[in-house]
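Numbered from 1 within each chain, the chains take letters A, B, ... in sequence-line order. Side chains are part of it too, since the values below use all heavy atoms of this structure and drop only hydrogens, waters and symmetry mates.
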Number of protein chains: 2
Amino acid sequence: MEGAGGNGEKKTVKRRPRERVLQRDPERTRAAILEAATKEFAENGIGGARVDAIAERAGTNKRMLYHYFGDKEQLYLHVLEDAYVGIRTAERALQIGDRSPEEGIGDLALFTWRYFLKHPEFLSLLGTENLHRARWLRQSVRLKELHSHLLGELAQILERGKKAGVFIESADPLNVYLTIASLGYFYLSNQYTLSTIFGRDLAEPANLDAWERHIVHVTLASITA
Amino acid sequence: MEGAGGNGEKKTVKRRPRERVLQRDPERTRAAILEAATKEFAENGIGGARVDAIAERAGTNKRMLYHYFGDKEQLYLHVLEDAYVGIRTAERALQIGDRSPEEGIGDLALFTWRYFLKHPEFLSLLGTENLHRARWLRQSVRLKELHSHLLGELAQILERGKKAGVFIESADPLNVYLTIASLGYFYLSNQYTLSTIFGRDLAEPANLDAWERHIVHVTLASITA
DNA sequence: TCATCAAGTAACCGTTTAGTTACTGGCCGG
DNA sequence: CCGGCCAGTAACTAAACGGTTACTTGATGA
């Protein structure tokens, strides 16, 4: 059928291993399983996620899942770790130290809100992990140094703002971050019950825009002198 | 053995149905199942909750659970509805309209935070329900009129504050409530992952007190003129 | 070109699960 | 005091579940 690479060369034929679509491709299969597992765990929690469903979504076989990740729990941990790496990596790229203190804080708030908005699966995974009191995250060895950068940079910005007289002395890095994350997380993760009980669709673009502005307003109002 | 009520009266003996502990007590069994189910669903989500575990925690039999509540999902809905009734009832008793606008808002923030702190199972149930996009809450017929009272009273307080010149014109009832709820919900529901990644125990009493003050500060800072 | 080993498949296994059936025994009206 | 009804029990069932075994297929290096 193929006749591919049908030249006379014998030993010197370099097989280009990534150019044609291989029938067997470990990396692609592995990535497909991770992506499928992310969706399945985000939609159903760890108790509701089905191993068979993950395999089917990944277009592969249950056996492969155990081959690459050991078991359901290790696969879940991998998914969770990747989710954290995702947000912290994007956050670093922000370089919030490169502008005025107010702008830096405002941009961090905007970034966080928009990241949450674009990655609902991250919020779901956090919810699931907290339901189980961080049982898996605490075992993670990959995530030790990942988060310190954020608080360090925030502390610097707040310090600059205090010296410039625009921020109050009691402004605290952790509190500021928790404030930003709170306002974004709750609105999005609880949008379904909130929309139901208050009879207003929080997911409407106009409402999302208004809340984005609200987050920046509240964050800055809570620390400006 | 008993000889109880051993007087000669025949037809006029009033049996006091609630005084001694009955071996068969439908109401007590029903309540025990509801309480056990609340814990089980809060700890494990709907996918992870086990019907057998609920029956065992209630000190009864699985058959009774189906007898009183139909099936697992209807039992879950009942638990969820009761949780909402609980917070909204306590909230009404607050009577936040009876004081100055600043005090009213501050007290609502304090109440909400402390209610969340005392009822972690309520937060868990909200998380579970939102994971499933309010699938059960939307079916609920018991909860239509339950929440409107809150927003109405908040609107009145904000109006009074605006007329008195202490609140900004853009202060909005829903936004104020969502702000208060966000700051309480996120801190508590995500305390396990947050404590892990930032290496600080958010559940320590000193940290809880500090966050309580922070919530009041942020809420008022975001709406004061 | 062929032996080797990893990638991939499908059928299977023991256990757990939500839900049911068949039964027991205590409470109450007549 | 007794007959019927309903709270309560325990053993059961069919299906779903996480995980495994036995096997096939295809890429690769000698």
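The closest side-chain heavy-atom distance from A/Trp113 to A/Ile180 is not below 4.5 Å.
The B/Asn61 side chain lies nearest to D/dA10 when the options are D/dA10, D/dG8, C/dG19.
Heavy-atom distances to DNA chain C give each of B/Tyr66 and B/Arg63 a nearest nucleotide, and the one nearer the 5′ end belongs to B/Tyr66.
Taking atom CZ of residue B/Arg30 and atom P of nucleotide D/dG8, one finds them 12 Å apart after rounding to whole Å.
At a cut-off of 3.5 angstrom, counting only N and O atoms as typed in the model, there is no donor on one side facing an acceptor on the other between the side-chain of B/Lys72 and the base of C/dG19. Taking only distance into account, the side chain of B/Arg50 never meets the base of C/dT16 through a donor-acceptor pair shorter than 3.5 Å.
A sub-4.0 Å separation between OP1 or OP2 of C/dA7 and a side-chain N or O of A/Thr29 is absent. Side-chain nitrogen and oxygen atoms of B/His67 include none within less than 4.0 Å of the OP1 or OP2 phosphate oxygen of D/dG8. Contact annotation: B/Tyr68 reaches the phosphate of D/dG8 (side-chain N/O to OP1 or OP2, under 4.0 Å).
Not a single donor-acceptor pair under 3.5 Å links the side chain of B/Glu212 to the backbone N or O of B/Asp209.
B/Ala49 comes within 4.0 angstrom of the backbone, heavy atoms only, and of no base.
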Practice prompt. List the steps and the verdict of salt bridge (Lys or Arg N to Asp or Glu O under 4.0 Å) for B/Arg30 and B/Glu27.
Written response: CA-CA 5 Å; B/Arg30 216 185 115 97; B/Glu27 285 178 33; over 6 Å; no

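By the 30° and 60° cut-offs, the orientation of the rings of A/Tyr115 relative to A/His119 is parallel.
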